[in-house]
Amino acid sequence: MPASGPTHLADLAELGLDEGGHLLVARSLARLAPGERLTVTGRHPALRVHLAAWCREHGHRLADGDAPGAGDGATALLVVKGGADERRWLGAVRAGDAAGAPEARADQAWGLAARGALVEAGGPPIGAQWSQREHVWADIAPRLYAAAAASQWDPATAVDWAAPLGAVPEEVERAVVQIMTYLVENEQAALIIPARLLSQLHPHYREVMQLLATQAADEARHVEVFTRRALLSGGPLGTSSAGGRASLQTLLAEPDFTTASFLLSVLGEGTFLDLLHFIHDHAPDPVTADVTRLAVRDEARHVAFGVAHTAHLARADKSYLAALRASVERRHATLLDTAGLNAEVFDSLVLLAAGSWSPAALRRGWHLVRDLQERMDEGRRRRLAYIGFPDDEAAELSALHTRNFM
Ligand SMILES: [Fe+2]
Ligand SMILES: [Fe+2]
């Protein structure tokens, strides 16, 4: 089509402007520069009235009278293109690159726009608390999200709820119920924290947003299966200690994305990996074995992101190790006057591993729980060293971790 002169033509035939005809007019005008002219022809009886209104709305001018070129009962009208479309997109910017890596800083003005979209100026800002890549990112996040999406399981079918509890002694069953009661309150904290981080994250970092959403969904299933296992023998549930809840409350109050992820996922969920393996290995019934086996698979992803993200930030900014250290010390100081772990949970773990009340079995159970605590400590030190702490500092920080495990 030539670039000038009134020879540009959009023929609507019988089509009304109010039934899709505006698309043909807009498409033809999009190829013109402001001031160029378009002849619109058509046979719809209201074409002139509708086109006049449409032009006013979109900043174009409809010339008076008929344009030449009509015939055969058709109307021909002349539209002079205005500059509103061009002005509208004048200040527009791309919100990064959809297929590429996210930007180091996400503009609040991009709002909810998709990564890579052309963003019209003037929309509401997103007001996200975390809008810098280094503060939320890990290179493994896209792969972890894909793995999480592929690994979602259905609590109704993944666990054989009809499997008989069989010969589980009554007091061992009470121990299982106490442990499950404790697990549920920990899982609830572990659900709320990623949900809170997610709500304050700039959506430009969409893989992290997606990963946190799957993490919250994982925890929702853990809350469900541990509750169902606790109720399997008819209830009631066990106890919830003030010290245990105080320990979890400090996690909810942690204001920073990375320190929250560090305390929850690296130290807390990292410790829980060993705890869930322990309960699985000493499970007195198939349902307890199933629910802990399923949960520990999910937890491994949560720990992997926490470790990868914290290491990512600590490598970009070595001084950040001091902030991580301070977060552990602060939490330890806050919890100094609390008992930490619910004593009934500790005793239940001993009884679970013992399997009976004979003194020899209880000694074995007690030593197994002590070994578990050593494994938990080793795991924490290993992860702290990976993040960048020297071995002696890693040992110190691991020792300051809450007695509540999470
Ligand atoms: Fe969990
Ligand atoms: Fe988790």
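We count ligands from 1, going down the list as the structure has it; atoms in each ligand are counted the same way. For clarity, every value in this text was computed on a predicted model and none was experimentally measured.
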Next item on the list: May I ask you to decide if Leu251's main-chain N or O and Glu254's side chain share a donor-acceptor pair within less than 3.5 Å?
Entry: no
Notebook entry, point to check: Any idea which N/O/S atom from His302 gets closest to the Fe ion (ligand 2)?
Noted result: ND1
Next item on the list: Specify whether an N/O/S atom of Glu219 falls short of 2.8 Å from the Fe ion (ligand 1).
Entry: yes
Notebook entry, point to check: To the nearest 0.5 Å, how far apart are CZ in Arg229 and OG1 in Thr181?
Noted result: 10.5 Å
Checklist line | Distance-only donor-acceptor check, side chains Gln215 and Asp298, under 3.5 Å | finding: no
Next item on the list: Flag the pair Leu12 / His44 as yes when at least one side-chain heavy-atom distance between them is below 4.5 Å, and no otherwise.
Entry: no
Checklist line | Metal check, the Fe ion (ligand 2) vs His222 N/O/S, cut-off below 2.8 Å | finding: no
Check: the Fe ion (ligand 1) is nearest to which N, O or S atom of Glu299?
Finding: OE2
Next item on the list: Using 2.8 Å as a strict upper limit, say whether an N, O or S atom of Glu187 approaches the Fe ion (ligand 1) that closely.
Entry: yes
Item checked: Heavy-atom side-chain proximity of Val208 to Phe257 below 4.5 angstrom -> yes
Check: In Glu269, which N, O or S atom comes closest to the Fe ion (ligand 2)?
Finding: OE2
Checklist line | Asp218 near the Fe ion (ligand 2) via N/O/S, less than 2.8 Å | finding: no
Next item on the list: Compare all side-chain heavy atoms of Trp153 with those of Val225 and state whether any distance is below 4.5 angstrom.
Entry: yes
